[in-house]
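One structure below.
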Amino acid sequence: MTQRSPDFSVPSKPSLDGVEEKWAQVWEQTGVYHFDRTAQRSQVYAIDTPPPTVSGSLHIGHVFSYTHTDIVARFQRMRGKAVFYPMGWDDNGLPTERRVQNYYGVRCDPSLAYDPDFSPPEKPDPKRQVPVSRRNFIELCERLTVADEQVFEHLWRRLGLSVDWRYTYATIDDDSRTASQRAFLRNFARGEAYLAEAPTLWDVTFRTAVAQAELEDRERTGAYHRIAFQRPDGRTVEVETTRPELIPACVALVVHPDDERYRELVGQSVRSPLFGVEVPVRAHELAEPDKGTGAAMICTFGDLTDVTWWRELNLPARPVVGWDGRILAQTPEAIVRPEGRDAYAQLVGATVHTARERIVEMLRASGELVGEPQPTTRPVKFYEKGDKPLEVVTTRQWYIRNGGRDAQVRDELIARGRELNWYPDHMRTRYENWVGGLNGDWLISRQRFFGIPFPVWYPLDSSGNPDYAAPILPDESALPIDPSSDVPPGYTEEQRGAAGGFIGDPDVMDTWATSSLSPQIAGRWERDNDLFHRVFPMDLRPQGQDIIRTWLFSTVVRSHFEHGGLPWHNTAISGWILDPDRKKMSKSKGNVVTPMDMLERYSSDAIRYWAASGRLGTDTALDEGQMKVGRRLAIKLLNASKFALSVAGPHSGADPAAVTEPLDRAMLAALSTVVADATSDLASYDHTRALERTERFFWELCDDYLELVKARAYDAEANPVAAASARSALLLALSTLHRLLAPFLPFVTEEVWSWWQEGSVHGAEWPDGTDLDTAAAGAGADVLHATAEALRGIRKAKSEAKLSMRADVARVRVCGKTAEDARRASADLAAAGNVQDLFFEDSDEVELHVDVELAESATG
RNA sequence: GGGCGCAUAGCUCAGUUGGUCAGAGCAUUCGGCUUACAACCGAAAGGUCACUGGUUCGAGUCCAGUUGCGCCCACCA
């Protein structure tokens, strides 16, 4: 039953102006979105909100997908669930470091000492970044992220996200550090995390290792250089390479075992050009006869295929490229000839790019370059945030098993993906493709500064060398720790770096190693297990399709190992926002629209309406037309609500028993169907359809029903019973529609609700249709449909006669199968159409015919 | 090379197990200042449902293939 305040307080001129500020403030004060942490798990709906990267800026795509989640949150809350809807900030990692460097004009130099009085330059000069200690750098990171987070929170509140802001976390805060380190220690104890020295994809700009999931291919121009190796018999064998600078790193040539051209060569040695190094010719299936000359150099390491060959053919390593992407100073021992050592000396210290140019000149001079380099374009691996091609460098790194080297783990993780409900379902395929295609474990260590350190020290032997096989680990109760300032149990700070002492692991975890624990962090795992067990496993993981391979997958991995199950039951995958030209939005294209502009121009509800019209998993165009439509809907809701309330009068409540007129009952029956459909749509994460049905009903209510009952509802003196019926039906419909639209348009629905109801519409009960069914008393919607159709016929006749809709009509004959239905609302129809003489005829015709005879005075 | 998705009015998109499914909104045109709303209301016009076959009494709807677009993956000498 609708609750009613004693008097309605409807503004004379309703407006959207100021509703966002007004209600955002009220919601904050009254705590309508607070999570009830006494609720049992079965009564909780928990959301694993994506923590946006605060170093970036929010774009309209964020607004789009976060709105989808908010609609779910509001729906579940109104259905009586205690909604756990936290917000996280992803503020650790490389993007923040980069932003801090640019913003403050500094760069991190870990060798410097902490300066407690440091303040960043007034005018940052990007060309002359001031070197600061690691601790100073991290303090600047923290300062800037706090400021960024406030900007984000402001936007989210303006958009009307029903987040419980008491449950906010940041991926760099102490709780996240503790959770990350704890989970890591447990992974290590179970053998799921391990340290290994291995060839790794390496970004030379950031000087850090990069994981498989963060790679992207970019087309780059290059050239095939045909070069000649000397055979023992004096002849040559030619290879083509796009990376001639790696000739000194060449450890073998490889050909396909079935390649007749080279069969006799396999097992022999050849001598490399310029450097004169003897390298064997080996056979391997991966060598492709039709690429280049069919013979290829194996270098340390040109690409991941080189790594495979190196490993499978048991070849030596001959590194020439350092962590900084420059040619190493140390001449490889294999280069023994003086002219070879000379040649190498000319490359030392050069970048890969420069070394390539020099070596081409040298090859040209020595006559070992065959023909001219042939330009080509080919895909080159890049770190997705980097500007230079990745190198392959051998380093010691931490890994977490993810099935990349273990078929059983892989199968288990694919099985987890099948347990998860995906919206839309086909997104599961992306997960399976990714997991099935992994070719290595998950590399989680990064050689960076602003991140969560590994909680690990290594003992130093008597000569000061670390023993990586026997790491020293802290007790979980000591977390979080920083091994660069904390001292391991049983040691003193004086022993740091000293022989027989210890050193801390210098690396930090990749940001995904932390965000993969977002359900545990938000749910306060092991810090507040009472809370954790009420929210975990969570109900929903909303996220973008681009990070299925990273965030979604890694979260499943962590939960699978730690909890033996999925971290959530459902995942909702959003599509992209495309600009009106169907291009993906990106900063570089300059087509990014700032969300706040949009919110101010069209109102938050209007933007939400546009977002809600985009389906999950479907790319959606940025469409200002839809925003205008949303704004119109919000304004219409103001006006229609005002009208309905003014017609109903200040003291009449909605009494289902008072609904006696067939038309009123039919309208409520139709609405009951809408309630049932919208409810099941939202329950299955189809917000678009729910909105569409609700909206359609609302406009039809305004266009037809309101027009039909206007006169009757006003005229209580002539027929009090019929008027009361209309008034009660109006209020029942209004109450239902306000609630149905609340998840989509939270501001305007709260505004209109406040005119006549106690409390927040967002704390109101989701309509279940019971009172509507009671009022409809078994009636169907036929009377409404037939009457509305007849009314349209009358309007059409007036429109064709170019008359005002108020024009009088002399006679109207309605005939057809449904004429009888329309007849049951004949008085309303006559009033709405200004018809003097209205009559009905039954016939078998399915279509309703409306013959209109205009009043003589009105024609012409 | 493999995988996923998409293709319906000028535009943005609905069309859930094949049978009123050829629709909505925007834009356009025409007509209305109707006392809730001109940030409004009413009406009209608009499409061989990408193409080719097939299954069926019947196909936007199912199957096969083709073309185009988008995205993901792949060992890229």
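Just so it is clear, the values below take in all heavy atoms, side chains as well, and ignore hydrogens, waters and symmetry mates.
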Problem set entry | Closest listed nucleotide, where the reference is the side chain of A:K13 and the choices are B:A38, B:U12, B:A36 | B:A38
Exercise. Counting only distance, no hydrogens or angles, is the base of B:U35 paired donor-acceptor with the side chain of A:R806 under 3.5 Å?
Worked result: yes
Problem set entry | Proximal nucleotide (of B:A14, B:C41, B:U16) relative to the A:K636 side chain | B:C41
For this session: Check every atom of B:A24, B:A36, B:C26 against the side chain of A:F643 and return the nucleotide holding the closest atom.
Result: B:A36
Exercise. If you measure from the C1' atom in B:G18 to the same atom in B:A59, how many Å do you get, rounded?
Worked result: 6 Å
Seminar exercise, completed: Side-chain contact check for A:D217: nearest option of B:C73, B:C76, B:A77 is B:C76
Exercise. Across the strands shown, which category fits A:K381 at heavy-atom distances under 4.0 angstrom: base, sugar-phosphate, nothing?
Worked result: base
Seminar exercise, completed: Of the listed B:C73, B:C37, B:G15, the closest approach to the A:R689 side chain comes from B:G15
Exercise. From A:H687 NE2 over to A:R615 CZ, what is the distance, rounded to the nearest 0.5 angstrom?
Worked result: 8.0 Å
For this session: Describe the nucleic acid contact of A:A644 in one word from base, sugar-phosphate, nothing, applying a heavy-atom distance below 4.0 Å.
Result: nothing
For this session: Counting heavy atoms from C-beta on, name the nucleotide in B:C75, B:U35, B:G3 closest to the side chain of A:T429.
Result: B:G3
Exercise. Syn or anti: how is B:G42 classified when any glycosidic angle within 90° of 0 counts as syn?
Worked result: anti
For this session: For A:H225 and A:T242, test the side chains for any donor-to-acceptor distance below 3.5 angstrom and give the result as yes or no.
Result: no
For this session: Between A:W699 and A:P289, just flag the one whose closest nucleotide in RNA chain B comes earlier from the 5' side.
Result: A:W699
Exercise. With a 6.0 Å cut-off on ring centres, are A:F553 and A:W442 close enough?
Worked result: no
For this session: Go through the side-chain N and O atoms of A:H738 and A:W753 and say whether any donor and acceptor fall under 3.5 Å apart.
Result: no
Problem set entry | Donor-acceptor pair present, A:R631 side chain and B:A39 base, under 3.5 Å | yes
Exercise. Looking only at atom types and distance, does a side-chain atom of A:R318 sit under 3.5 Å from a main-chain N or O of A:C250, one as donor and one as acceptor?
Worked result: yes
Exercise. Checking all strands, does A:E432 fall into the base, sugar-phosphate, or nothing category for heavy-atom contacts under 4.0 angstrom?
Worked result: nothing
For this session: Have a look at A:R243 and say if it touches a base, only the backbone sugar-phosphate, or nothing, with a 4.0 Å heavy-atom cut-off.
Result: nothing
Exercise. Side chain of A:K796: nearest nucleotide among B:A77, B:A43, B:U16?
Worked result: B:A43
Exercise. So, does the side chain of A:S799 form a donor-acceptor pair with the base of B:G42 at under 3.5 Å?
Worked result: yes
For this session: Determine the contact category for A:E800: base if any of its heavy atoms lies under 4.0 Å from a base atom, sugar-phosphate if only primed atoms, P, OP1 or OP2 are that close, otherwise nothing.
Result: nothing
Problem set entry | Syn or anti conformation of B:G23, syn meaning chi within 90° of 0 | anti
Exercise. What does A:I635 touch in the nucleic acid at a heavy-atom separation under 4.0 angstrom: a base, only the sugar-phosphate, or nothing?
Worked result: base
